[in-house]
Amino acid sequence: MTEYTPQQLDKKWQHRWTSDRAFAAAIDPARPKFYVLEMFAYPSGHAHVGHVRNYIIGDICARMKRLRGFNVLHPFGWDAFGLPAENAAIKTGLHPETSTLANIAHMKGQLQRLGVSYDWEREIATCLPEYYKFNQWIFLKMFERGLAYRRRSTVNWCPVDNTVLANEQVVDGACWRCGTPIVTRDLEQWFFRITAYADELLQGLDTLTEWPEKVAVMQRNWIGRSEGARITFAVSGSAETIEIFTTRIDTIYGATFVLLAPEHPMVDRFAAEHATPDAFRAQVQAFRALDRESRLTGAIEKEGIDTGRTAINPFTGQAVPIWIANFVLAEYGTGAIMAVPAHDERDFAFARKYQLPIRIVVREAGDERTEDQLGEASTNYGQLVNSGPYTGAEAPAVMSRMIADAAARGFGKGEVQYRLKDWGISRQRYWGTPIPMIYCEKDGVVGVPYEQLPVELPKVAAFTGRGDSPLAQIPEFVNVTCPTCGGPARRETDTMDTFVDSSWYFLRFCDPANADLPFSPESAAHWMPVDFYSGGVEHAILHLLYSRFFTRVLRDVGLVTFDEPFKRLLTQGMVLKDGAVMSKSKGNVVDPDTMLEKYGADALRLYVMFVAPPEKEVEWSDAGLEGSFRFLLRVWRLIDHWCETIGGDGIPSCGPDCNERERAVRRKTHQTIGRVTADIEERMHLNTAVSSLMELVNELYTFSQQTPRGGPGREDKDVVQRERPETLAVLREAIEALVLMLAPFAPHTAEELWQMLGHPETLAKASWPAYNADWAKADEVVVPVQVNGKVRTRVTLPAEMSDDQVRERVLADASVMSHLEGKTVKKVVVAKGPLVSIVVL
RNA sequence: GCGAAAGUGGCGGAACUGGCAGACGCGCCAGACUUAGGAUCUGGUGGGGAAACCCUUGGGGGUUCGACUCCCCCCUUUCGCACCA
């Protein structure tokens, strides 16, 4: 008996794979390509088993596809810029580069100890100049195309810490660090014009048939396309106009007032012309000062201010009051709306509160209520009433006619609005990609010339956590000469949002050493798209949408020819411990290294795949891990017992002369091959793939125990071989198939067993077992017989009988007849399976 | 509030297009082998009942020869969206 020592096997085979360059991918026209990718990692320092699960899901896929004959690209890298490293630097003084590189080294070791089959020769880290150089390259391309632009925008600002805060750092309207109420500040920020691709990003979702529907829905909501109309209301007694956006032009005859956002440009003019401008401004200021977060989520009470002015509803010609409302958003639509209280809940509440007029203009069939009888707004479509020439028309059909009429009369047009906003990428931070722009008094905003890229991040900076971008405090960085005129100029000192880094890294893997381009078009044309992409659902919006955006931009730049980067997407569930997500602060982290020391990589890999389907959240269980370890031990003992007998030469392949028990083993083998192949390749049901393998092992154990074994020095070897070569043949076939199918899950153990079975080459040279449908078929079937819907007995029949034969044989069966005694057979159904259902009276 | 997904033994979960519910594993019980076992092997393990048999996939209806699966109502949980005009 050879002892199973997984820790030693892990080391042995990991060295072998490295020295063989077993997972190094190179373009090979002879084999179909397959690109497997897991979302790359933020180098926090330590990977816990939750992270590990995702890498192993991808690895099962990569290793299986290699055995299936694909040329697999399976790379890994590091999303290495970001706030945590910089915050740590502010606290400890340790430079972000030092801590990040140390974290990468440690986590890389963890992944290697798990035996994840990455092509480490393609490893990338976004914090290295050879990577972020191309963030800058892409930025400049986008700048040239008007897709990167600069404008003032409102940010969260803590007046005590004197710094910008991300939305996530604002807790209940106050600074997370010092508790000071947040103010907003207008800063010049760089934006990516993702809205230019809004429609394309929306329509592309329909082509992503191998994405979870949930993610597509989230992206659809995020893009938030709505079709409507832009209508111009003239301000009474003035040449000014107010533009409103509405999706319900059918209700416009019921628009009895107009509401402006507090930030609407017209508001300041109205204030200046107001009877009591100071009091008016104070009220408006109170609205503007409301916590952004609660304004956006609707947590505040709806309130308004009467401007005292009116506007002309262009359809009715009537003057309607103009109010300012705290719930109207400046950033959506035109920042102004027509209020239709009878047919909009918010407008209804507002009208009731301030006693503004309500006018019903849409009737659902049978609704006879008057305005006074309305308890709430009626928001459904219906037949128009009180709507001038449109009275009697049906909405929504009438809307296109009304829009056309508005356009013809010069006060409106059809318009599409999006909730999606342009992507603000400026960060007043050090640990990110410098934005490659220069400001010259004479030449204005100038891009850094391509040949001067990368704009390197200076190594030294003061991490005080105060004020503007740390880069602004480094004169050697800031002061440059203008590339256009050669005069003195200033560098942009903000860095890019780290989501820029992750929006194209999957393309860099195609050609990671390219010094001239982000990647060569040829390499991307070969490897892309990613065939199988897995990661956490928390990236459903940001990363996965930005990546789709970047892919289209790079398409328009001419680097790629496709639209969608990720063909199949799997969002893996988290691993919980004690019912909670693992985190350092909760102290419930399960460290993979501890598990590796105790059970080896394969038991851990097998367990996280077996415990539940990959998409599901799971609760960590030490006992479950032990069970997986026991299974591997079982496999080991089985093969250790047989390897010398069935390994090597002289064993025939499965012939036609198998007896019943041999055919049963062969049947189970091929049924298992069929199930496991489909489970991994089509359904990604990795848990049932493992359980199928367990079933096969259970059956082989029984078979093994009933089969006298030969071996060196044992005389019964010759007996078995001479008398029943088929026994050894089916056993060998079963065991080799088992090892091959186990290989994606437990690669170290599988390699060792493969060697024990007499194969000098590694599994890199092996092929996935072939499925034989004929051999998977049963000789005879047990037919359940239902009487009035309940299974009463079973009849064993030869396989492949016609339905009529089955019916005849079942009805003639003694045990069936005993259940039918004294009753009248009304109906007999033979279902596939087969199964027989008899209805009696 | 709106939308989606889910609810199956003591636990994690199977059941592919409507066809034998509970595969596989954990746990538990019994036995074998052992000086011993938290190793290994064998058997058992949804509930009730002595048995025939009955009940059982969140609850209640329905469709069907047949429902975990389809339809309607309700309950619970999780996730997403949440003043977007």
Side-chain angles (χ1 to χ4, degrees), chain A residues 212-215 217-218 220-222 224-226 228-229 244-249 251 255 259 261 294-300 302 325-329 331-340 343-347 349-350 379 417-421 537-538 540-541 571 573 606-607 610-613 615-628 630-631 633-634 637 675 678-679 682-683 685 687-698 701-702 705 782-794 826-840:
Chain A
E213 186 53 30
K214 178 176 144 176
V215 175
V217 166
M218 284 167 75
R220 245 176 235 124
N221 289 341
W222 188 262
R225 182 183 201 272
S226 52
I244 62 98
F245 175 73
T246 180
T247 54
R248 287 297 301 273
I249 195 171
T251 65
L259 295 174
S294 37
R295 272 187 69 183
L296 287 172
T297 56
I300 48 160
K302 286 177 185 47
N326 60 0
F327 66 88
V328 177
L329 305 172
E331 59 265 46
Y332 185 77
T334 59
I337 61 170
M338 66 175 202
V340 184
H343 305 296
D344 181 283
E345 284 170 31
R346 296 153 298 174
D347 299 346
F350 197 88
T379 57
Q417 282 286 339
Y418 299 92
R419 197 175 307 192
L420 180 71
K421 299 191 186 73
V537 72
E538 66 272 18
I541 304 295
T571 53
L606 194 70
Y607 168 65
F610 175 60
V611 66
E615 296 88 347
K616 258 202 93 155
E617 228 168 48
V618 295
E619 173 71 25
W620 176 261
S621 147
D622 285 337
L625 174 57
E626 261 180 77
S628 294
R630 279 204 291 271
F631 169 69
L633 264 176
R634 231 164 116 74
R637 279 194 308 269
R675 285 183 58 185
D679 278 353
E682 291 160 31
R683 310 196 301 164
H685 285 196
N687 54 329
T688 53
V690 176
S691 63
S692 298
L693 292 175
M694 288 172 167
E695 281 186 59
L696 176 61
V697 170
N698 289 347
Y701 250 78
T702 307
Q705 276 159 356
V782 177
V783 180
V785 180
Q786 297 180 342
V787 179
N788 285 351
K790 286 186 176 150
V791 177
R792 291 298 174 185
T793 186
R794 289 157 215 277
K826 209 184 152 197
K827 188 174 180 183
V828 180
V829 179
V830 181
K832 66 178 185 318
L835 169 146
V836 176
S837 182
I838 303 169
V839 188
V840 298

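Note on naming: letters A, B, ... go to the chains in the order of the sequence lines (proteins, then strands), and numbering restarts at 1 for each one.
Of the C1' atoms belonging to B/A15 and B/U8, the separation is 10 Å, rounded to the nearest Å. Using C1' as the reference atom, B/A23 and B/A30 are 23 Å apart when rounded to the nearest Å. Comparing B/C33 with B/G27, their C1' atoms sit 23 Å apart, to the nearest whole Å. As rounded to the nearest Å, B/G66 and B/U17 have C1' atoms that lie 16 Å from one another. Comparing B/G58 with B/G13, their P atoms sit 15 Å apart, to the nearest whole Å. On the C1' atoms, B/A6 is 16 Å away from B/G12, given to the nearest whole Å. B/C84 and B/U77 have their P atoms separated by 27 Å, with the value rounded to a whole Å. For the P atoms, the distance from B/U57 to B/G10 is 13 Å, rounded to whole Å.
Of the side-chain N and O atoms in A/Arg675, none sit less than 4.0 angstrom from OP1 or OP2 of B/A14. For A/Arg792 and B/C54, the shortest distance from a side-chain N or O to OP1 or OP2 is below 4.0 Å. The side chain of A/Lys790 places no N or O atom within less than 4.0 Å of a non-bridging phosphate oxygen (OP1 or OP2) of B/G19. A close approach under 4.0 Å does not occur between any side-chain nitrogen or oxygen of A/Asn698 and OP1 or OP2 of B/A23. Contact check, A/Arg634 against B/C24: no side-chain N or O comes under 4.0 Å of OP1 or OP2. For A/Ser691, no side-chain nitrogen or oxygen approaches OP1 or OP2 of B/G13 to under 4.0 Å. In terms of phosphate contacts, A/Arg225 brings no side-chain nitrogen or oxygen within less than 4.0 Å of OP1 or OP2 of B/C84. Within the structure, every side-chain polar atom (N or O) of A/Tyr418 is placed at least 4.0 Å from both OP1 and OP2 of B/C84.
Base orientation of B/G31: anti, the glycosidic angle falling outside 90° of 0.
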Candidate pair A/Glu615 and A/Lys214, rule salt bridge (Lys or Arg N to Asp or Glu O under 4.0 Å), full reasoning: CA-CA 12 Å; A/Glu615 296 88 347; A/Lys214 178 176 144 176; over 6 Å; no
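Side-chain proximity of A/Ala831 to the nucleotides B/A15, B/G19, B/A85 is greatest for B/G19.
One interatomic measurement links the two molecules: NZ of A/Lys302 to P of B/C84, which rounds to 9 Å at whole-angstrom precision. One atom, NE2 of A/His685, and another, P of B/A14, lie 8 Å apart when rounded to the nearest Å. Atom pair A/Lys214:NZ and B/C81:P shows a separation of 10 Å (rounding to whole Å applied). Distance A/Arg419 CZ to B/A82 P: 6 Å, rounded to the nearest Å. Rounded to an integer number of Å, the gap from CG of A/Leu633 to P of B/U40 is 7 Å. The interatomic distance linking A/Asn687 (CG) with B/C16 (P) rounds to 13 Å, in whole Å. Per the geometry, NZ belonging to A/Lys827 stands 17 Å off P belonging to B/G19, to the nearest Å.
Judged by distance alone, with hydrogens and angles left aside, the side-chain atoms of A/Tyr607 form no donor-acceptor pair with the main-chain N or O of A/Trp620 at under 3.5 Å.
Within 4.0 Å of A/Asp347, counting heavy atoms only, lies no atom of the nucleic acid at all. Counting any heavy atom pair closer than 4.0 Å across all strands shown, A/Gln786 reaches a base atom. Residue-level contact check: A/Pro834 touches neither bases nor backbone, having no heavy atom under 4.0 Å from any strand.
For the pair A/Arg634 and A/Tyr701, the distance from NZ or CZ to the six-membered ring centre is under 6.0 Å and the angle to the ring normal is within 45 degrees. For the pair A/Lys302 and A/Phe327, the cation-pi test (distance below 6.0 Å, angle within 45°) is passed.
If you find the closest nucleotide of RNA chain B to A/Glu619 and to A/Ser692, the one lying nearer the 5' end belongs to A/Glu619.
In this structure, CD in A/Gln786 is found 9.5 Å from CD1 in A/Ile838, a value given to the nearest 0.5 Å.
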